[in-house]
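Report on one structure; see the data block that follows.
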Amino acid sequence: MRILFLGDVVGRAGRKKVFSLIDNLVSKLKIDFTIVNAENSAHGFGINPSVAEKFFNHQIDVITTGDHIWDQMTIKAYLQQENRIIRPANYKKFNDGEGCHLYMSRNGKRVLVVNLLGNLFIDREELYSPFTTADEILKSYKLGLNVDAIFIDMHAEATSEKMSLANYLDGRVSAVIGTHTHIPTADAHILPNGTAFQSDAGMCGDYDSSIGMKKELSIERFLNSDAKNHLAPAEGEATICGTIVEIDGNGLAVSIEPLRIGGKLKQTHNL
């Protein structure tokens, strides 16, 4: 089974690029299941039902999110009725919707998708540990028994926390892929017990920017700590960044391959 995961989609530029290429990507790369982190897809801050539906109009099976999931107020009711979008499972109080869900892939495989939020440099008062939350979830799911693949989107600031979680879960899940920092990392590999890992899949957005936002607005904030300007998504040509993970019949990874298409970054694939 081949799973395509796309990193944080940022604003209109990111959405436009994903919508224009995703169906062709799924076909050409023989993808069986598609996951997209879209927590920054609505104007760069959060996601709303209208934007989510546009993703589902394409060959996108699941939307994961992160700490910006609550930025758009209309998303709360939508989370309660649409299980194809999930929020971080380790929130203490914000429990609208689900933090993980079991889905069926195009080739008839059972895929558990889990969304977790890191504790380091994020408000820990709102969060349970992603490590203990993962343990609780995995009490009900075992690779090769009642599930064919387990994919974790670890949305976190610190690479150390992402790598530690992946090593902690090595052999119990198919993949732990990081999001949130918007920069594709060069550490994609398979851990000793068969779990695929990458610290960050990168973003789907304009890289002529400051992590997807207009660079002049970000620079102004660094130059002037009292600046009141609002950040806004950059609107140039976007790069699609993500990862392809191939999983065997035991639910463990046999390959992991970064994906970069369009925009300013070095390309990995030609369509």
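For reference, positions follow the sequence shown, starting with 1. Scope of the values below: all heavy atoms of this structure, side chains included, with no hydrogens, waters or symmetry mates.
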message: Between His43 and Asn48, is the side-chain hydrogen bond (donor to acceptor under 3.5 Å, both in side chains) condition met? List the steps.
response: CA-CA 10 Å; His43 313 296; Asn48 59 45; 5.0 Å; no
- prompt: Could you walk me through whether Thr243 and Gln198 pass the side-chain hydrogen bond (donor to acceptor under 3.5 Å, both in side chains) check?
  reply: CA-CA 8 Å; Thr243 304; Gln198 185 179 8; 2.5 Å; yes
query: Under 4.0 Å between a Lys/Arg side-chain N and an Asp/Glu carboxylate O for Asp61 and Arg84?
result: no
- prompt: When the ring centroid of His58 is compared with that of Phe56, is the distance short of 6.0 Å?
  reply: no
message: Can a side-chain donor-acceptor contact be found between Thr179 and Asp153 if the only test is distance below 3.5 angstrom?
response: yes
query: Step by step, would you call Leu169 with Thr195 a side chain to side chain contact (heavy atoms under 4.5 Å, CB included)?
result: CA-CA 8 Å; Leu169 299 177; Thr195 295; 5.7 Å; no
- prompt: Do Leu112 and Tyr103 come close enough that some side-chain heavy atom pair is under 4.5 Å?
  reply: no
statement: In short, Cys241 meets Ala201 closest at the heavy-atom pair CB-O, 3.4 Å
query: With under 30° as parallel and over 60° as perpendicular, where do the rings of Phe5 and Phe151 fit, or are they tilted in between?
result: tilted
task: Consider only side-chain heavy atoms of I, L, V, M, F, W and Y, link residues closer than 4.5 Å, and tell whether Leu259 and Ile35 are in one cluster.
output: no
Pi-cation contact, Tyr128 with Lys92 (under 6.0 Å, within 45°): yes
task: Test Arg172 against Asp135 for salt bridge (Lys or Arg N to Asp or Glu O under 4.0 Å), laying out the working first.
output: CA-CA 10 Å; Arg172 292 194 282 162; Asp135 278 337; 2.9 Å; yes
- request: Indicate whether any N or O donor in one side chain lies under 3.5 Å from an N or O acceptor in the other, for Thr64 and Asn115.
  value: no
- prompt: Looking only at atom types and distance, does a side-chain atom of Glu98 sit under 3.5 Å from a main-chain N or O of Ile86, one as donor and one as acceptor?
  reply: no
Arg87 and its side chain to side chain contact (heavy atoms under 4.5 Å, CB included) partner, picked from Leu117, Asp67, Thr65: Thr65
message: Test of understanding: clusters of I, L, V, M, F, W, Y form through side-chain heavy atoms closer than 4.5 Å, transitively. Do Trp70 and Ile63 belong to the same one?
response: yes
message: In this structure, would Leu191 and Ile177 fall into the same cluster of hydrophobic residues linked by side-chain contacts under 4.5 Å?
response: no
message: Looking at Lys93 and Glu126, is there a salt bridge between them, counting it only when a charged N and a carboxylate O are closer than 4.0 Å?
response: no
- prompt: Within a strict 4.5 Å, meaning less than it, do heavy atoms of the His182 and Asn40 side chains meet?
  reply: yes
message: Whether the Glu53 and Tyr78 side chains hold a donor-acceptor pair (N or O, under 3.5 Å, no angle test) is what I'd like checked.
response: yes
Ring geometry between Phe19 and Phe55 (parallel below 30°, tilted from 30 to 60°, perpendicular above 60°): perpendicular
field: side chain to side chain contact (heavy atoms under 4.5 Å, CB included) partner of Val111, chosen from Leu102, Asp148, Ile3
entry: Ile3
